[in-house]
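Residue indices begin at 1 and follow the sequence shown.
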Amino acid sequence: MPRSLVIVDLAAIRHNVGVLRAQLGRAELWAVVKADAYGHGAAEVARAAVDAGATALGVATVGEAAELRRALPSARILVLGPVERRELDDMRAARLELCASEGAPPEGVPVHLKLDTGMGRWGLSELAPPDTGVVGLMSHFASADEDAAFTELQLERFLAATAPYPHLTRHIANSAATLRYPASHLNAVRCGIAVYGISPFGTDPADDGLRPALRWESTVALAKTLAAGESTGYGRRFVASEPTRIGIVPVGYADGFRRDMTGAEVVVAGERARVVGTVSMDAIAVALPAAAGEGDAVTLLGDGVLIEEHARLSGTIPYETACGIVSRATRSERVFVDE
């Protein structure tokens with residue numbers, strides 16, 4: 001039996017794609033579904049995104065693209081990460097497109113030349129006249145979620161470098177830029193985190209009309225009362241100052257509920273409850289509401305508990321939190337709903 005249930009709402013995916021597309025005018029929306037769609041399930045999410053109007057899909061590797069191609073035979077798929085020469089035949093066979101930062105474009109593979117405008121990662125420092133086979137020009141924002149001045153500088157650099165090539169598709173905007181910088185939309189935007197209803201700004205996604213697609217559930221497997229002076233968990237980080245009822249939930253850091261999530265809030269039997277003591281590999285302890293007991297439902301994400309809250313507590317970003325949630329038959333079952 002799985003210890004928890006990860007529920008992905010495909011209707012929320014379609015809703016979020018619609019919200020993002022409403023920002024765009026004539027620009028296309030390309031949905032980024034790398035890392036198994038940020039832990040949401042690449043094939044199912046990609047299908048929902050395309051149904052809602054996404055015109056291309058972005059992945060990180062040729063392997064991810066090959067799996068996606070089997071699920072969506074006619075989709076346009078762009079490999080955003082580096083590709084080895086030995087993978088080019090597989091790219092041609094799967095009809096994939098390539099992001100390139102150096103060298104002549106390989107024959108038979110549509111290429112998007114990447115310009116480094118300030119990310120300091122992949123990308124050309126200068127853009128030479130594109131060869132035949134280049135279909136797009138692209139860059140990537142470093143801090144569109146928090147630094148307006150640098151974002152605008154990157155956009156200026158990109159527009160200046162690509163102005164001589166209006167016949168090529170230009171794309172630079174991520175989710176944050178799509179929501180905040182209309183001038184960056186150009187011919188297409190590449191949206192990842194916002195497609196999943198997670199805020200690129202770490203705030204409530206409802207502020208931008210987004211709906212979280214991810215819900216995570218478990219149950220109270222054991223309820224017990226700690227006497228004053230008794231503790232729960234490794235290191236005795238929680239010692240009861242008075243008789244305290246706790247519930248043991250069979251989810252831990254091996255499932256993606258991080259060890260630094262002590263103090264996080266979850267929902268037990270419809271009420272907010274706090275995680276107490278050290279998060280174990282396979283279990284957490286929760287201070288139970290008065291009416292809660294064994295067998296009651298526990299919502300780890302959902303029912304008002306936002307992944308942005310968990311990320312802030314962990315000192316990380318929601319991207320990492322979402323990608324870290326484990327979905328495999330031996331621990332946590334992932335199901336898809338369309339509500």
Side-chain angles (χ1 to χ4, degrees), residues 1-9 35-41 44 196 198 212-227 230-240 243-316 318-337:
M1 290 287 292
R3 294 171 175 266
S4 65
L5 196 63
V6 176
I7 303 164
V8 179
D9 183 356
D36 197 26
Y38 296 35
H40 290 65
E44 293 82 359
Y196 309 101
I198 299 172
L214 187 66
R215 181 180 177 87
W216 193 10
E217 298 178 348
S218 189
T219 57
V220 176
L222 172 69
K224 62 190 300 181
T225 299
L226 299 179
E230 291 185 329
S231 61
T232 183
Y234 291 113
R236 303 191 72 228
R237 291 176 65 188
F238 177 80
V239 178
T244 303
R245 291 183 70 246
I246 63 167
I248 307 302
V249 182
V251 172
Y253 59 77
D255 305 287
F257 199 94
R258 296 164 53 117
R259 196 171 184 271
D260 49 17
M261 291 282 289
T262 296
E265 289 191 347
V266 298
V267 173
V268 182
E271 295 187 48
R272 285 260 181 164
R274 191 168 297 280
V275 176
V276 296
T278 302
V279 174
S280 300
M281 183 181 291
D282 305 301
I284 58 174
V286 177
L288 289 177
E294 289 182 16
D296 278 337
V298 177
T299 306
L300 306 166
L301 287 174
D303 293 338
V305 178
L306 298 175
I307 199 168
E308 291 84 358
E309 295 177 42
H310 285 195
R312 281 195 296 272
L313 181 65
S314 301
T316 186
Y319 304 67
E320 183 178 13
T321 305
C323 291
I325 297 173
V326 174
S327 296
R328 59 176 182 262
T330 53
R331 297 197 70 95
S332 180
E333 182 182 358
R334 182 166 60 199
V335 299
F336 298 90
V337 298

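Annotation for Asp282 and Ala254: closest pair OD1-CB, 4.3 Å, computed over non-hydrogen atoms. In this structure, Ala273 and Val268 approach most closely via the heavy-atom pair CB-CG2, 3.8 Å. The two residues Ala291 and Asp296 make their nearest non-hydrogen contact at O-OD2, 4.1 Å. The two residues Ala311 and Pro318 have their closest heavy-atom pair at CB-N, 3.5 Å. Taking each heavy atom of Gly256 and Trp216 in turn, the nearest pair found is C-CH2, 3.8 Å. Closest approach of Ile248 and Ala283 over heavy atoms only: CG2-CB, 4.0 Å.
Between Ser314 atom OG and Arg259 atom CZ the span is 12.5 Å, to the nearest 0.5 Å. Between Thr225 atom OG1 and Leu288 atom CG the span is 8.5 Å, to the nearest 0.5 Å. Here the straight-line distance linking atom CG of Asp255 with atom CE of Met281 works out to 10.0 Å at 0.5 Å rounding. For the atom pair OG1 (Thr262) and CG (Leu313), the distance works out to 8.0 Å, reported to the nearest 0.5 Å. Note that CG of Leu5 is 10.5 Å distant from CG of Leu300, once rounded to the nearest 0.5 Å. One distance of note links OH of Tyr234 with OG1 of Thr278; it measures 9.5 Å at 0.5 Å rounding.
The side chain to side chain contact (heavy atoms under 4.5 Å, CB included) test with Phe257 singles out one residue from Ile325, Val249, Thr321, Val279, and that residue is Val279. When each of Leu226, Val239, Thr244, Ile284 is checked for a side chain to side chain contact (heavy atoms under 4.5 Å, CB included) with Thr232, only Leu226 meets the rule.
At least one side-chain heavy atom of His40 sits under 4.5 Å from a side-chain heavy atom of Ile198. Here the side chains of Glu230 and Ile246 are not in contact, with every heavy-atom distance at 4.5 Å or above. Residues Leu301 and Arg215 fail the side-chain proximity criterion, which asks for heavy atoms closer than 4.5 Å.
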**Q.** Pair Leu214-Tyr38, side chain to side chain contact (heavy atoms under 4.5 Å, CB included): steps then yes or no
**A.** CA-CA 10 Å; Leu214 187 66; Tyr38 296 35; over 6 Å; no

Exercise for the section: Go through Val8 and Glu44 one step at a time and tell me if the side chain to side chain contact (heavy atoms under 4.5 Å, CB included) criterion holds. Expected result: CA-CA 9 Å; Val8 179; Glu44 293 82 359; over 6 Å; no

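With Thr219 contributing its side chain and Gly295 its backbone, the two residues share no donor-acceptor pair below 3.5 Å. The backbone N or O of Ala223 sits less than 3.5 Å from a side-chain atom of Glu294, completing a donor-acceptor pair. With hydrogens and angles ignored, the 3.5 Å screen pairs no side-chain donor or acceptor of Arg258 with any backbone N or O of His310. A donor-acceptor contact shorter than 3.5 Å links the side chain of Ser218 to the backbone of Arg3.
Taking a cutoff of 4.0 Å between a charged side-chain nitrogen and a carboxylate oxygen, Asp303 and Arg272 do not qualify as a salt bridge.
By the side chain to side chain donor-acceptor pair (under 3.5 Å) test, Glu308 is found to be paired with no residue, residues two or more places apart in sequence or in another chain being considered. For Ala287, the side-chain contact (heavy atoms from CB on, under 4.5 Å) partners two or more places apart in sequence, or in a different chain, are Val276.
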